[in-house]
There are 2 protein chains.
Amino acid sequence: MDNLDLKIIYLLKENSRITIKNISKKINLTAPAVKSRMDKLIKNKLIESFTIKVSSTLEKRKFISFITLFMKTTSHEQLQHFLKNNIGVLEAYRISGNGCYLIKFIYKNDNDLITFLDQISLYGTHQINTSIAQIK
Amino acid sequence: MDNLDLKIIYLLKENSRITIKNISKKINLTAPAVKSRMDKLIKNKLIESFTIKVSSTLEKRKFISFITLFMKTTSHEQLQHFLKNNIGVLEAYRISGNGCYLIKFIYKNDNDLITFLDQISLYGTHQINTSIAQIK
DNA sequence: TATGAAATGCAATAGTC
DNA sequence: GACTATTGCATTTCATA
């Protein structure tokens, strides 16, 4: 993992359909050398996937809420394990300020939300803020 | 924009380096037809960019705070314009619950944060939660 | 909007240093 | 770990339906 690998990653991040030959020109290496570096980056999971960004108008509409959790127990490990394995949890942060965790939760309907809230009620109380419009 | 376009988008989302020929086989179209559809999807910005997902260990360490804004004015449009054009604002939501906006803000140092808080103080008061560890 | 054919260029492999 | 050379395949363009 050196500077050339970082340049390859940077170029692919800008345009993942760039040709290997094109990369090789930009970083002064031959095409086979670039390919073998790319293969290694993929194998070592430094590059996780090749994908596209799609217009948000195409994505399915879903609900998003931000849940602040105030712990009443000290079962942090158990909670973190639960959060990591819940598919609705997009992001989760341990915070300092007002509360212990801030959780970004995505869901289709009220039922999904209620189920989730019931589950975290084992660990503490919560306060919930629901997005009513995404500005950005 | 029809079902074939959606299939192309789906295939590219799974692997943005898939060859055009390979797409053409999967959806029973010729390569030139797939190419012209792809060009159109890009031109119409239904595909916004071709990119890669990079291992999170490679990303620069940055600070993240969640800022709840309690409006004291009614200058929503002005605020939303400001949020949209501030590069530190990763996401911003109009919320119901406790507060008016929830803002996810990324920054390198305290100075960046203070500048931002000063700017939004024109619109209202805030409460801030700072991530001290990302669980997920 | 799709197709087929042709020219160009790229990818991928093997062999070498 | 990188280079050159080779082979086969993909991309792209254009004329046509």
Side-chain angles (χ1 to χ4, degrees), chain A residues 1-62 84 87 90 106 108 133-134 136, chain B residues 1-62 84 87 90-91 106 108 134 136:
Chain A
M1 185 69 205
D2 60 8
N3 199 255
L4 287 174
D5 284 332
L6 283 176
K7 282 184 185 170
I8 291 172
I9 286 174
Y10 172 76
L11 290 167
L12 286 169
K13 209 168 182 179
E14 293 252 302
N15 172 19
S16 60
R17 282 186 78 81
I18 187 174
T19 60
I20 288 175
K21 191 165 191 193
N22 226 320
I23 296 175
S24 73
K25 277 183 208 157
K26 285 182 197 279
I27 65 174
N28 296 319
L29 230 59
T30 56
V34 170
K35 182 175 166 23
S36 82
R37 278 169 176 269
M38 265 179 69
D39 289 346
K40 219 171 265 177
L41 288 170
I42 294 163
K43 196 184 157 209
N44 297 340
K45 299 196 177 165
L46 292 165
I47 294 175
E48 289 177 357
S49 65
F50 296 88
T51 186
I52 54 172
K53 275 195 191 155
V54 174
S55 162
S56 59
T57 59
L58 274 184
E59 306 278 354
K60 273 189 213 151
R61 176 101 187 76
K62 297 214 173 176
K84 281 180 191 172
I87 60 161
L90 294 181
I106 191 165
K108 298 188 303 295
Q134 183 160 11
K136 183 171 178 179
Chain B
M1 184 71 204
D2 60 10
N3 200 256
L4 287 174
D5 285 331
L6 283 176
K7 282 184 185 170
I8 291 172
I9 286 173
Y10 172 75
L11 290 168
L12 287 169
K13 210 169 182 176
E14 294 252 304
N15 173 18
S16 60
R17 283 186 78 82
I18 187 175
T19 61
I20 289 176
K21 186 152 195 207
N22 225 319
I23 296 175
S24 73
K25 277 182 208 157
K26 285 181 196 280
I27 66 175
N28 297 319
L29 231 59
T30 55
V34 171
K35 179 172 168 28
S36 82
R37 276 170 178 268
M38 266 179 67
D39 289 345
K40 218 172 266 176
L41 288 170
I42 294 163
K43 194 183 159 207
N44 297 340
K45 299 196 176 165
L46 292 166
I47 293 175
E48 290 176 357
S49 64
F50 297 86
T51 186
I52 55 171
K53 274 192 192 159
V54 174
S55 163
S56 58
T57 60
L58 272 185
E59 305 280 354
K60 274 189 213 152
R61 177 98 189 79
K62 298 214 172 177
K84 282 180 191 170
I87 60 162
L90 293 181
E91 296 172 56
I106 191 164
K108 298 187 302 295
Q134 183 159 11
K136 184 171 177 179

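All heavy atoms count here, side chains included; hydrogens, waters and symmetry mates do not. Values in this document were obtained by computation on a predicted structure and should not be read as measured data. Just so we're on the same page: letters track the sequence lines, and every chain starts at 1.
- Taking atom CD1 of A:Ile27 as the reference point, atom C1' of D:dA2 lies 12 Å away to the nearest angstrom.
- Bending across the helix from C:dT1-D:dA17 to C:dC17-D:dG1, expressed as the angle between its end axes from five pairs apiece, amounts to 40° (10° rounding).
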Query - Intermediate values then yes/no, side-chain contact (heavy atoms from CB on, under 4.5 Å), A:Ile47 and B:Val54 - result: CA-CA 5 Å; A:Ile47 294 175; B:Val54 174; 5.6 Å; no
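- Applying the side chain to side chain contact (heavy atoms under 4.5 Å, CB included) criterion to B:Ser36, with sequence neighbours excluded, gives no partner residue.
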Query raised in the report: What string of B, S and - do you get for nucleotides 11-17 of chain D, 5' to 3', if B is base contact, S is sugar-phosphate-only contact and - is no contact with any protein heavy atom under 4.0 Å?
Result: SSB----
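- The distance from atom CZ of A:Arg37 to atom C1' of D:dA2 is 9 Å, rounded to the nearest whole Å.
- Annotation: side chain to side chain contact (heavy atoms under 4.5 Å, CB included) contacts of B:Lys45 (sequence neighbours excluded): none.
- Looking at B:Glu48 and A:Ile52, their side chains never come closer than 4.5 Å, going by heavy atoms from C-beta outward.
- If you check every strand for non-hydrogen atoms under 4.0 Å, B:Lys25 touches nothing.
- Atom CG of A:Leu12 is separated from atom CZ of B:Phe50 by 13.0 Å, given to the nearest 0.5 angstrom.
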Can I get a per-line list of side-chain donor-acceptor pairs under 3.5 Å for residues 14-24 of chain A, giving both atom names and the distance, sequence neighbours left out?
{"from": "A:Asn15", "atom 1": "OD1", "to": "A:Arg17", "atom 2": "N", "distance (Å)": "3.0"}
{"from": "A:Ser16", "atom 1": "OG", "to": "B:Ser16", "atom 2": "OG", "distance (Å)": "2.7"}
{"from": "A:Ser16", "atom 1": "OG", "to": "B:Thr51", "atom 2": "N", "distance (Å)": "3.0"}
{"from": "A:Ser16", "atom 1": "OG", "to": "B:Thr51", "atom 2": "O", "distance (Å)": "3.2"}
{"from": "A:Arg17", "atom 1": "NH1", "to": "B:Ser16", "atom 2": "O", "distance (Å)": "2.8"}
{"from": "A:Arg17", "atom 1": "NH1", "to": "B:Ile18", "atom 2": "O", "distance (Å)": "2.8"}
{"from": "A:Arg17", "atom 1": "NH2", "to": "B:Ile18", "atom 2": "O", "distance (Å)": "3.3"}
{"from": "A:Thr19", "atom 1": "OG1", "to": "A:Asn22", "atom 2": "N", "distance (Å)": "3.1"}
{"from": "A:Ser24", "atom 1": "OG", "to": "A:Lys21", "atom 2": "O", "distance (Å)": "2.5"}

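- Partners of A:Lys84 according to the side chain to side chain contact (heavy atoms under 4.5 Å, CB included) rule, which considers only residues two or more places apart in sequence or in another chain, are B:Ile135.
- Heavy-atom contacts of chain A under 4.0 Å fall on DNA chain C between two terminal nucleotides, which in 5' to 3' order are C:dC10 to C:dT13.
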Report task. List the steps and the verdict of side-chain contact (heavy atoms from CB on, under 4.5 Å) for B:Lys26 and B:Leu11. Result -> CA-CA 9 Å; B:Lys26 285 181 196 280; B:Leu11 290 168; 3.7 Å; yes
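- In this structure A:Arg37 satisfies the salt bridge (Lys or Arg N to Asp or Glu O under 4.0 Å) test together with A:Asp2, A:Asp5, sequence neighbours excluded.
- Residues passing the side-chain hydrogen bond (donor to acceptor under 3.5 Å, both in side chains) test with B:Asn44, sequence neighbours excluded: none.
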